[in-house]
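These notes are about the structure you will find just below.
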Amino acid sequence: MSAEASNTWKASSFRVHNNVSTVLKRPSRHALLIESPVQASAWLAEKRRQQQSIGFVPTMGALHDGHLSLVAAAAECDIICASIFVNPLQFNNSEDLERYPRNPERDIELLTDSGCDMVFTGTLQSFFPGVADTGAVPLEDPGAYAQGLEGEYRPGHFAGVRTIVKRLFETVGDCRAYFGEKDFQQCLVIKDLAAALGYPHVIVCPTRREPHGLAMSSRNERLSPEQRRLAGSIYQALASARDAWQAGERSPEKLEEIMTGILDRPGIVIEYAALRDPLDWIRPALPNPLVQPPRALVAVMIGDVRLIDNLALG
Ligand code: AMP
């Protein structure tokens, strides 16, 4: 599937008029589906003129309770709007992009049931008019928080994230934008973007987990039952580092060893199991002994599924 095709779908079960379709789920409440960023922008501008506050939840679809917890947090606003766009710019691996789960009709039902007022999407070309393909999109400088960890293991990822999120923010305008702490480094990159733009107000929401601790992720769908069991080690590793910190361990090496000790098992390939000072991201070397409680961050491959998670140790 081409990158462009991957970002479009047939809204066959929705009424479509001039690119604006209405999902009829509950008679009392409709979520409007707008398949054009320009029209979404106009709809939101009208709400803003009516003095309505806007909560925005950007997603790549294949929604789960983690995404819906962001929608729930956005209920503090008058209008809740979400975007669904599988951003080809942030995939440094084309197979990962092709394999990314997509279920737009179910997503829109879930968003409707969660109280979302408007969902917008678009093709790559509608977000970047005049651009022929993914390679031609001018990329944003991802900024200092893109250094290390995800930035190192997924070259180009944060440039792609920052480029599309900037365009999404430009589409929505000033708002409260909700992001998940599960993508901790992404939150730093996005807050940096929002500071540079002067808007929106970024709200970081806690990670939603499965009962045994695995962070909810669209990618979990691709795990076999055995791989899902193995993936439970990610939270086990993070929680063990947190327990050790709370018991007084202050050596960064020892805390990292605790994590790798748990993750180092057949079926798991560790990309990183590292500590960072969230207030001083730019300087990866931590004092030894540690003074401030660090954040522990993990990325692993289980089969061909890449999973990340993180936890504050303090
Ligand atoms: P994605 O669709 O993966 O781009 O994620 C869209 C938003 O949902 C991002 O802000 C993610 O950080 C957030 N998110 C993903 N998984 C979770 C989770 N388990 N708990 C809370 N937020 C999440």
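When a residue number appears, it is its place in the shown sequence, counting from 1. Atoms within each ligand, like the ligands themselves, are counted from 1 in listed order.
- Atom OG of S218 is separated from atom NE2 of H67 by 4.0 Å, given to the nearest 0.5 angstrom.
- Protein heavy atom closest to atom 17 (C) of ligand 1, with residue, atom name and distance, is H64 CE1, 3.7 Å.
- Between F169 and Y199, the two ring planes are tilted [angle within 30° to 60°].
- Each of D304, D96, D309 was evaluated against R219; a single residue qualifies, D96, per the salt bridge (Lys or Arg N to Asp or Glu O under 4.0 Å) test.
- Closest to atom 12 (O) of ligand 1, if we only count protein heavy atoms, is D183 OD2, 2.6 Å.
- Where the criterion is an N or O separation shorter than 3.5 Å, residue side chain and backbone included, T207 fails it with respect to ligand 1.
- With R162 contributing its side chain and P142 its backbone, the two residues share a donor-acceptor pair below 3.5 Å.
- When only non-hydrogen protein atoms are considered, atom 4 (O) of ligand 1 lies nearest to M60 CG, 3.5 Å.
- Neither the backbone nor the side chain of F184 comes within 4.0 Å of ligand 1, counting heavy atoms alone.
- Under a 3.5 Å cut-off, the side chain of Q185 and the backbone N or O of Y145 do form a donor-acceptor pair.
- No N or O atom of T59 sits closer than 3.5 Å to an N or O atom of ligand 1.
- For ligand 1, one of its N or O atoms has an N or O atom of M216 under 3.5 Å away.
- Residues L32 and F120 are not in side-chain contact: their nearest non-hydrogen atoms beyond the backbone lie 4.5 Å or more apart.
- Nearest protein heavy-atom neighbour of atom 20 (N) of ligand 1: R208 N, 2.8 Å.
- Atoms of ligand 1 lying under 4.0 Å from any heavy atom of Y100, numbered from 1 in the order shown and given with element: 3 (O).
- Heavy-atom proximity to F179, at under 4.0 Å, picks out these atoms of ligand 1: 10 (O).
- Between the side chain of S53 and the main chain of D78, a donor-acceptor pair closer than 3.5 Å is present.
- When heavy-atom distances to ligand 1 are checked against a 4.0 Å cut-off, E181 has no atom that comes that close, whether in backbone or side chain.
- In this structure, atom 1 (P) of ligand 1 lies nearest to the protein heavy atom H67 NE2, 3.6 Å.
- Checking only distances, L70 never comes within under 3.5 Å of ligand 1, N or O to N or O.
- Here's the thing with K182: none of its N/O atoms is less than 3.5 angstrom from an N/O atom of ligand 1.
- Nearest heavy atoms, T121 versus I84: OG1-O, 2.7 Å.
- Between the side chain of R209 and the backbone N or O of M216 there is no donor-acceptor pair closer than 3.5 Å.
- Under 4.0 angstrom from ligand 1, the non-hydrogen atoms of P206 all belong to its backbone.
- For atom 22 (N) of ligand 1, the closest non-hydrogen atom on the protein side is G180 CA, 3.5 Å.
- The distance criterion of under 3.5 Å between nitrogen or oxygen atoms is not met by P58 with respect to ligand 1.
- To the nearest 0.5 Å, atom CD1 of residue I302 and atom CD1 of residue I234 are 5.0 Å apart.
- Using a cut-off of 4.0 Å between Lys/Arg side-chain N and Asp/Glu carboxylate O, E150 and R306 are scored as salt-bridged.
- The closest heavy-atom contact to atom 18 (C) of ligand 1, among the options G66, S69, C187, A215, comes from G66.
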